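Each remark here refers to the structure printed beneath this line.
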Amino acid sequence: MSCIAVIDFETTGLSPAMGDRATEVAIVLVENGNVVDRFQSLMNAGVHIPAFITSLTGISNAMVAAAPDAASVMLDASRFVGNTPMVAHNASFDRRFWQAELARAGAAAAQPFACTMLVARRLYPQAPCHKLGVLVDYHHLPRAGRAHRALADAEMAASLLGQIQHDLRTRHRVGKPDHALLMNLQRCAKPAVPALMARYASV
DNA sequence: TGCCAGGCCCTCTTTAGGGCCTT
C-alpha cells in the first residue's frame, strides 16, 4: 500500500479568500495502516487571532508570535510531504489553506486530496453525524489529544482513515484500499458505491 | 457561541435551496 499524508490545519477562520491564515499545521504519514512519521508546527502569519479561535483551539497570539514564520513552516511541510497524496477530514477546507499558504511561500501545491468526510458519508450513513470527533467516537477509536489542535486532529483523521481502509478490506473485500480508491469513492454517487466496491474487490 | 466561504449532498431538485463540515 502506498504512503498517504494526513493533514490538518488550525486557522484564524474559514476562508483564505477572506484573509484568514493558518496558525498551525500537522501532517502524519501513514503506510500500511501505520503512522511512520509526523510533522507539526505553529506558524506566525502576522495576523491577529480572534478570541473565539483561541477559545476553540487554545492557540493564542502569544503562541504564534514565538513561532517561525508561516512561509518557512509551509516550505518545510511541503518538503516533508513531497509528492505523497494527501487526505484530510473535509478536505476542501484544508486543501484551500494548503494551496493558499504555499502560494504565499512561492511553492506549488499539486498533491491530490481525498476526503475522509465524503468517504465516511458513503460508508457510514448510519453514523449520528460526520464530524471528525463523532466518527472517532462512533468507531471507538482513540482520542489523540486536545481536539482542534492540528496534530491531535491529524492523528484522529489518520485513525479514521485506518478504520475506513479496514472496512473496505473486510466488508467490501478490497485488497489494497489506496488513495486512488478513496478519490473514486468520494466522487462516487451513493447508489453506485456497491458497484464501485465490486470493481475493486480482490476475489 | 457564532458569523464569513466553498464544496458536497439531499430533496418538496435540476432555471434551487438548504444543511453539513472545516476554523
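The structure displayed is predicted, hence computed values, not measured ones. Every chain is numbered from 1, with letters handed out A, B, ... down the list of sequences.
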query: Which one, B:dT23, B:dC8, B:dA5, comes nearest to the side chain of A:Thr57?
result: B:dT23

- request: Specify the separation, in whole Å, of atom CD of A:Glu24 and atom P of B:dT22.
  value: 16 Å

Nearest-angstrom distance, C1' atom, B:dG19 to B:dC12: 15 Å

- prompt: If the P atom of B:dC20 is compared with that of B:dC3, how far apart are they to the nearest Å?
  reply: 11 Å

Euclidean distance for C1', B:dT1 against B:dG7 (whole angstrom): 25 Å

statement: note: A:Trp98, atom CH2; B:dG7, atom P; distance rounded to Å ~ 19 Å

- prompt: Nearest heavy-atom pair of A:Asp8 and A:Arg149: which atoms, and what distance?
  reply: OD2-O, 4.4 Å

- line: In whole angstroms, the gap separating P of B:dG6 from CD of A:Gln186 amounts to 19 Å

- request: Return no unless some side-chain N or O of A:His130 is found under 4.0 Å from OP1 or OP2 of B:dC21.
  value: yes

- line: Winner on side-chain proximity to A:Ser15, out of B:dC8, B:dA5, B:dG7, is B:dA5

- prompt: Which part of the nucleic acid, if any, lies within reach of A:Phe9 when heavy atoms closer than 4.0 Å are counted: base, sugar-phosphate only, or nothing?
  reply: sugar-phosphate

- prompt: So, A:Thr11 side chain and A:Arg21 main chain: donor-acceptor pair closer than 3.5 Å or not?
  reply: no

message: The side chain of A:His89 is closest to which nucleotide in this list: B:dT23, B:dC4, B:dT22?
response: B:dT22

task: Kindly indicate, with the supporting measurements, whether the criterion side-chain contact (heavy atoms from CB on, under 4.5 Å) is fulfilled by A:Leu75 and A:Arg79.
output: CA-CA 6 Å; A:Leu75 292 175; A:Arg79 282 189 287 268; 4.1 Å; yes

Separation of B:dC20 P from A:Leu135 CG (nearest whole Å): 14 Å

task: Using modelled atom types only, decide if a donor and an acceptor are shared between the side chain of A:Thr23 and the backbone of A:Thr12 within a distance under 3.5 Å.
output: no

statement: Smallest heavy-atom separation, A:Gln163 atom then A:Tyr124 atom, equals O-OH, 3.7 Å

- prompt: Whole-Å distance between B:dG2 P and A:Ile49 CD1?
  reply: 20 Å

- line: Between A:Leu118 and A:Phe93, the residue closer to the 5' end of DNA chain B by nearest nucleotide is A:Leu118

task: Take the protein atom CE of A:Met156 and the nucleotide atom P of B:dT23, then report the distance between them rounded to whole Å.
output: 9 Å

message: Taking the C1' atom in each of B:dC8 and B:dT13, what is the distance between them to the nearest angstrom?
response: 15 Å

message: Using a 4.0 Å heavy-atom cut-off, does A:Asp94 contact any base of the nucleic acid, only the sugar-phosphate backbone, or nothing at all?
response: nothing

Nucleotide nearest A:Phe52 (side chain, heavy atoms from C-beta), chosen from B:dC21, B:dG6, B:dG2: B:dG2

task: Search all heavy atoms of A:Asn44 against all heavy atoms of A:Ala67 and return the closest pair with its distance.
output: CB-O, 3.5 Å

- prompt: In whole angstroms, how far is the C1' atom of B:dC8 from the CE atom of A:Met183?
  reply: 14 Å

message: Reading DNA chain B from 5' onward, which residue's closest nucleotide shows up sooner: A:Ala51 or A:Ala17?
response: A:Ala51

task: State whether A:Lys190 places a side-chain N or O below 4.0 Å from either non-bridging phosphate oxygen (OP1 or OP2) of B:dC10.
output: yes

task: Starting from P on B:dT22, measure out to CG on A:Leu56 and report it in whole angstrom.
output: 10 Å

message: When the C1' atoms of B:dC4 and B:dT23 are compared, how many Å lie between them, rounded to an integer?
response: 11 Å

- prompt: Of all the nucleotides listed (B:dA5, B:dG6, B:dT1), which has the minimum atom distance to the side chain of A:Asn90?
  reply: B:dG6

- line: Closest to the side chain of A:Cys129, out of B:dC21, B:dT22, B:dT23, is B:dC21

- request: For B:dT23, take OP1 and OP2 only and decide whether either is under 4.0 Å from a side-chain N or O of A:His148.
  value: yes

